[in-house]
**Q** 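Have a look at this one.
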Amino acid sequence: MSVFENAQKQLNKAFKQINLSNDVHEILSRPKEAIQVNIPVRMHDGKLKTFEGFRVRYNDSLGPTKGGIRFHPNVSLDEVKALSFWMTFKCAVAGLPFGGGKGGVIVNPKELTKHELEQLSRGYMSAISDIVGPDRDIPAPDVYTNSMIMGWMSDEYNKITRKIQPGVITGKPISLGGSLGRDEATARGGYYIIKELVKKKGLNPKDLKVAVQGFGNAGYHIAKMLADDGFWIVALSDSKGGIYCNNCYLNPDLIMESKKAKGMIDNEYYKGSVADTENHSRITNEELLECECDILIPAALENQIIKDNANNIRAKYVVELANGPTTPEADEILEKNGVLVIPDILANSGGVTVSYFEWVQNNQGYYWSLEEVRNKLKEKIIPAFNDIYNIMEDKKIDMRTAAYVRALKLISEAIESKGTEDIFK
Ligand code: GLU
């Protein structure tokens, strides 16, 4: 199943809702630029191994392209195209002056030594250095990449260009111009949205059972924020499996501690798993999706809620912290079953929003407090959520399509402002 084709289906649904020129459709149906690179790395045994990577700049109508870099064994050009497509709409939904891009390398970083990982990160940045830049394409972390990797890449770019340009990449270590609050930002954006939803629906956090799939940067932080706020965390998982507890409260901090207790691989990825936590029943990632809960938060990879399991989802709300966790077929089933899906391009836009703040701080050379970053994030994401919620109600469409409608208005205006077919009429 092509992830990119599925992503396109989401857009086509939104095109039916608004009247746009053919130009917009034509431009948004393919990426502006996509490169494939091969990165040779001298491995610790002396052999040379080549890793394949990609960088796609999908659309830059609203500004320089923006989006993370993924290190994962299942990366493909098709996936990176889809992810760069989602970034295009996410940046527009969030009201940022950015287009969408994405990068990826086919690798399991957990199998590399720290030195190999550094060589790969620097080699990748060097290979894509012609198409990135603070005013052209600005990468950031994504699945299995982190601030340490962003630091190496930023340093590599500065060496290549012989200039200090912190705005070339976001999600950097604070010491290299990173922003306070960037590490928790994806989760915090989702958390503000859940709080607003709870307020709108008149719900009580204490009655709301939450299941989170994925215990990486997004999954861990949102579980912690919700638990600290009195929500009832019943299920957690990571790539190795999960735990479930229907009659107790899972404590994300304790679970993180027990995961950390197993130590780290030399290159800073955890050896342990959520599933190792004692005294809780183990569940698989598939079972977690179907467990009894009110809010389901997929915070791992795409294609998790699919045609085959969508009917078994018991949550009333799905908050997509991952990119593309729900397929279009599953979307239809969830809608029919009355499940409200808060779409990825809105729900996880907190990450890129604080990346934007990081870029602004880098450009002005003046840095903000954590409180300022959090307040500015709140000021952006809550109105976006309410606006999209209203579009959904007014047009009687699902929330994903409503988010695309909001984004399309902005993107199409920019495309048309640059000139359209109308002059030939
Ligand atoms: N990888 C994140 C995402 O998918 C963040 C992108 C960014 O900060 O540029 O939204």
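What you see below is based on every heavy atom in this structure, not just the backbone, and it leaves out hydrogens, waters and symmetry mates. On a predicted model such as this, the values are computed, not experimentally measured, just so you know.
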**Q** Asp78: what forms a side chain to side chain contact (heavy atoms under 4.5 Å, CB included) with it, not counting sequence neighbours?
**A** Ser2, Val3, Phe4, Ser76

**Q** Which pairs pass salt bridge (Lys or Arg N to Asp or Glu O under 4.0 Å) with one or both residues in residues 232-254, sequence neighbours excluded?
**A** Lys224-Asp253, Asp238-Lys259

**Q** Going by an N to O cut-off under 4.0 Å, is there a salt bridge joining Glu5 and Lys9?
**A** no

**Q** Which residue pairs satisfy the ring-ring contact (aromatic ring centres under 6.0 Å, His included) criterion with at least one member in residues 244-275, sequence neighbours excluded?
**A** Trp232-Tyr249

**Q** Which pairs with one or both residues in residues 376-397 pass ring-ring contact (aromatic ring centres under 6.0 Å, His included), sequence neighbours excluded?
**A** Phe385-Tyr389

**Q** Tell me the disulfide bond (SG atoms under 2.5 Å apart) pairs involving residues 192-227, sequence neighbours left out?
**A** none

**Q** List in chain and number order the residues that pass side chain to side chain contact (heavy atoms under 4.5 Å, CB included) with Asn311, two or more places apart in sequence or in another chain; answer none if no residue qualifies.
**A** Ile333, Asn337

**Q** According to side chain to side chain contact (heavy atoms under 4.5 Å, CB included), who are the partners of Lys114, at least two apart in sequence or on a separate chain?
**A** Met148, Trp152, Asp266, Asn267, Glu268

**Q** Is the ring pair His72/Tyr144 parallel, tilted or perpendicular, if the boundaries are 30 and 60 degrees?
**A** parallel

**Q** What residue pairs, at least two apart or across chains, pass disulfide bond (SG atoms under 2.5 Å apart) with a residue in residues 347-393?
**A** none

**Q** Any pair with a residue in residues 366-395 that passes disulfide bond (SG atoms under 2.5 Å apart), sequence neighbours left out, goes on the list, sorted by first then second residue, please.
**A** none

**Q** Which ring-ring contact (aromatic ring centres under 6.0 Å, His included) pairs, counting each pair once, include a residue from residues 93-115, with sequence neighbours left out?
**A** Phe98-Tyr356, Phe98-Trp359

**Q** Could you check whether any side-chain N or O of Asn146 sits under 3.5 Å from a backbone N or O of Ile149, counting only pairs where one atom can act as donor and the other as acceptor?
**A** yes

**Q** List for me each residue that meets side chain to side chain contact (heavy atoms under 4.5 Å, CB included) alongside Ser147, sequence neighbours excluded, and say none if there are none.
**A** Pro173

**Q** Among residues at least two apart in sequence or on other chains, which ones pass disulfide (SG to SG under 2.5 Å) with Cys245?
**A** Cys248

